[in-house]
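Take a look at the structure set out below.
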Amino acid sequence: MADDVLDGLELNEQSWWAHDAEVTASGLFTMLRRLPALVRDMLALTWRTSRLDTLVMVGCALISEIFTALGLLATTDVLAQLFSAVPTTESMVAAVPGVAAVVGAAVLRSAFSEAGTWARNRLDPLLTQAVHTRLVELTTAVELAAFDDPDFHDQVERAGMLSYRGPSMLLWAVVQTLSGFIGLLAVSGALGVLHPILLPLILLSAVPSTWASVRSARVGYRATAGIAAAHRRQSVLQDLMTDRRAAAEIRSYTMRPYLLAQFGRIYRWVTAYELRSVRKQQLTGLWGDAFGGLASGVVYAALAALLWTGEVRLAVAATAVLAIQRAGSATSQALYGVNRAYEAGLYYEDFVRFCAEAEARAEVSGGTAPPSDLDRIMVDGVDFSYPGANEPALTGVSIRIEPGEIVALVGENGSGKTTLSKIIAGLYLPTSGDITWGGVDQRAIDRDALRERVAVIAQDFNHWPFTAGQNIAIGRHDSAEPLGPVLAASGADKVVDRLPYGLDTMLDPSYKGGTELSGGQWQRVAVARGLYRDAPLLICDEPTASLDARSEHAIFEGIRRHAVQRTVLMITHRLASVRWATRIYVLENGKIAEEGDHASLMARGGIYAEMFTLQARAYTEGGYPSK
Ligand code: ADP
């Protein structure tokens with residue numbers, strides 16, 4: 001329906017739309033069938049979050065409705081006294097206990113209702129905290145491969161965006177529904193006592209507002225669901241236009257008019273859609289009011305007839321008028337509750353589904369501790385495919401890494417080097433094939449314990465919005481080991497020396513006192529981070545890609561010195577840096593094409609020799625400008 005708006009946008013449209021289609025297809029009755037299970041789930045969550053507040057909220061809301069009914073009954077007594085004859089001092093005095101009961105009931109009703117609202121207001125942030133915490137606990141525990149699956153991404157996004165509203169909204173909706181029904185029951189009970197005919201009359205008066213409220217809520221919900229995808233696009237564009245990282249490119253590529261036009265187009269569409277539903281809701285409300293007025297007229301006429309024929313006394317009729325009003329509000333409360341429960345159910349279902357999916361995708365970990373000394377790592381016939389990929393990233397890869405060796409992976413972009421290193425680091429599980437650490441199957445080893453033994457200097461390392469010190473000590477924040485040696489080995493000491501607050505400088509200029517580093521400076525911080533982990537296996541994936549020649553040399557020297565007691569798996573395009581590797585594996589299209597040390601690979605005259613000669617020629621035959 002909004003395809004015209006979304007045409008030409010670079011974002012993944014299908015996943016965004018899939019949910020909305022599904023949501024709008026979840027009709028009221030489908031949701032009502034699923035609600036009991038969702039409500040049970042939500043109550044368990046609420047109960048776990050705060051028993052006292054749950055009890056107070058539900059209990060008080062229900063008790064306050066009972067006081068409404070008692071108040072109505074007391075009102076009849078008072079009116080009976082007052083309307084019995086010409087008011088006298090005696091009749092006024094006789095009415096005092098009744099008035100006291102009415103006032104008492106009203107005070108207690110308000111007190112309980114306020115206590116319920118107070119508990120609800122306490123529960124709200126507690127539930128939001130519980131949901132958000134659960135979301136991050138689950139997302140950080142799934143297999144890394146889940147993040148390459150668009151379906152999972154979509155679920156994370158939906159759960160993150162809307163789910164936090166689900167539980168408290170659903171709880172409140174359930175309480176509203178129950179309160180409404182109890183209120184209606186209580187009023188009905190009171191009216192039954194007064195005169196049985198009054199009950200059907202009141203139900204009749206509630207029909208038009210019922211219809212209007214259901215229809216209006218549906219229209220409102222459809223409007224929300226209908227614009228959800230466009231809304232998300234709009235906020236993505238807005239985020240891009242306010243994002244620090246995007247700011248430079250928006251300017252240098254003069255993207256402003258394009259982005260503003262896209263933004264304006266979506267906004268116009270969203271607003272037009274909203275205005276249409278507002279009109280529909282308004283019309284529904286008008287019809288509801290008109291028929292509601294008619295129905296009330298019928299009820300009052302019937303009441304007048306009952307009075308005329310002497311079927312009811314004047315006092316009862318007066319109470320009935322109050323009861324009609326109360327019944328009307330109880331009915332709309334119950335209906336509003338049902339509608340809200342329907343809407344909240346949709347959001348909450350997102351959360352419940354996400355939890356189930358994330359639990360199913362949780363990392364599996366063996367219980368065996370990794371060998372204490374890093375022994376030989378054998379990769380044997382490993383295949384790996386990314387979720388949804390047509391081609392495998394690795395096919396039948398076998399390599400070995402002996403303790404103390406420096407092993408290099410080289411090959412063209414996309415040949416599978418990073419993927420292989422991530423599998424060895426225990427980040428991805430191979431689709432088939434085996435990896436053993438000192439003869440122990442990697443699958444049997446505790447994943448976190450294994451990762452403690454590996455330091456990865458990744459190509460796409462994170463620029464954490466923390467201080468320089470925290471950026472280096474990541475994963476070892478409690479360690480008392482000084483940072484000095486790794487700062488020197490990585491060359492990060494020169495970076496830190498120039499920072500206004502040294503290691504305490506925040507490395508994000510969007511924070512007060514924060515600053516930004518250049519690509520090469522960041523890379524030194526990332527190398528320092530890897531070295532500080534002090535793990536027996538160091539994996540370096542293009543550690544010097546953004547560095548100038550001198551810094552590159554210094555870093556390789558630093559890593560080499562650091563690696564004396566350690567094993568290193570090195571991925572780099574700078575073949576001059578892998579000359580000193582014990583063994584070099586050349587990958588091509590996810591397969592090992594060549595293997596050997598520098599001399600033997602050069603002698604072989606294959607891919608490696610060709611790549612090396614090309615690079616060497618670039619330096620020696622004017623490939624780069626000489627100084
Ligand atoms: P290299 O490190 O040699 O440049 P990679 O291991 O990064 O190569 O990539 C190997 C292949 O896997 C490439 O075809 C790449 O497109 C694909 N690939 C890499 N990462 C992902 C991912 N997260 N999801 C899907 N495919 C990926």
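What you see is a predicted model; the values in this text were computed from it and never measured. Note that ligands are numbered from 1 as they come in the structure, with each ligand's atoms numbered from 1 the same way.
- To the nearest 0.5 Å, atom CD1 of residue Ile457 and atom CG of residue Leu531 are 5.0 Å apart.
- For atom 2 (O) of ligand 1, the nearest protein heavy atom (residue, atom name, distance) is Thr418 OG1, 2.7 Å.
- Judged purely by distance below 3.5 Å, without hydrogens or angles, the side chains of Asn413 and His573 pair a donor atom with an acceptor atom.
- Remark: atom 21 (C) of ligand 1 lies closer than 4.0 Å to at least one protein heavy atom.
- When non-hydrogen atoms are compared, ligand 1 lies under 4.0 Å from the side chain of Asp148 (C-beta onward) but not from its backbone.
- At a distance under 4.0 Å, no protein heavy atom can be found next to atom 16 (O) of ligand 1.
- Which parts of ligand 1 touch Glu412 is read off a 4.0 Å heavy-atom cut-off, strictly below it: atoms 3 (O).
- For Tyr428 and Tyr386, the ring centers sit closer than 6.0 Å to each other.
- For Thr419, a nitrogen or oxygen atom sits less than 3.5 Å from a nitrogen or oxygen atom of ligand 1, counting backbone and side chain alike.
- Remark: the Asp383 side chain and the Ser432 side chain contain an N/O donor-acceptor pair separated by less than 3.5 Å.
- Counting heavy atoms only, Gly414 comes closest to atom 1 (P) of ligand 1 of the residues Ala393, Pro392, Gly414, Gly411.
- Annotation for ligand 1: atoms under 4.0 Å from non-hydrogen atoms of Asn413 are 4 (O).
- Counting heavy atoms under 4.0 Å from ligand 1, residue Gln459 does not touch it at all.
- Using a 3.5 Å distance cut-off with no hydrogens or angles, the side chains of Glu249 and Ser252 do not pair a donor with an acceptor.
- Between Phe461 and Trp522, the ring planes lie tilted relative to each other; the angle falls in the 30° to 60° range.
- Judged by the shortest distance from any of its heavy atoms, Ala389 lies outside the 4.0 Å radius around the atoms of ligand 1.
- Contact detail for Asp541 and Ser421: the closest heavy-atom pair is OD2-OG, 4.4 Å.
- Which parts of ligand 1 touch Ser415 is read off a 4.0 Å heavy-atom cut-off, strictly below it: atoms 1 (P), 3 (O), 8 (O).
- The backbone N or O of Val454 sits less than 3.5 Å from a side-chain atom of Arg533, completing a donor-acceptor pair.
- Considering each of Tyr386, Tyr428, Phe384, the one bringing a non-hydrogen atom nearest atom 18 (N) of ligand 1 is Tyr386.
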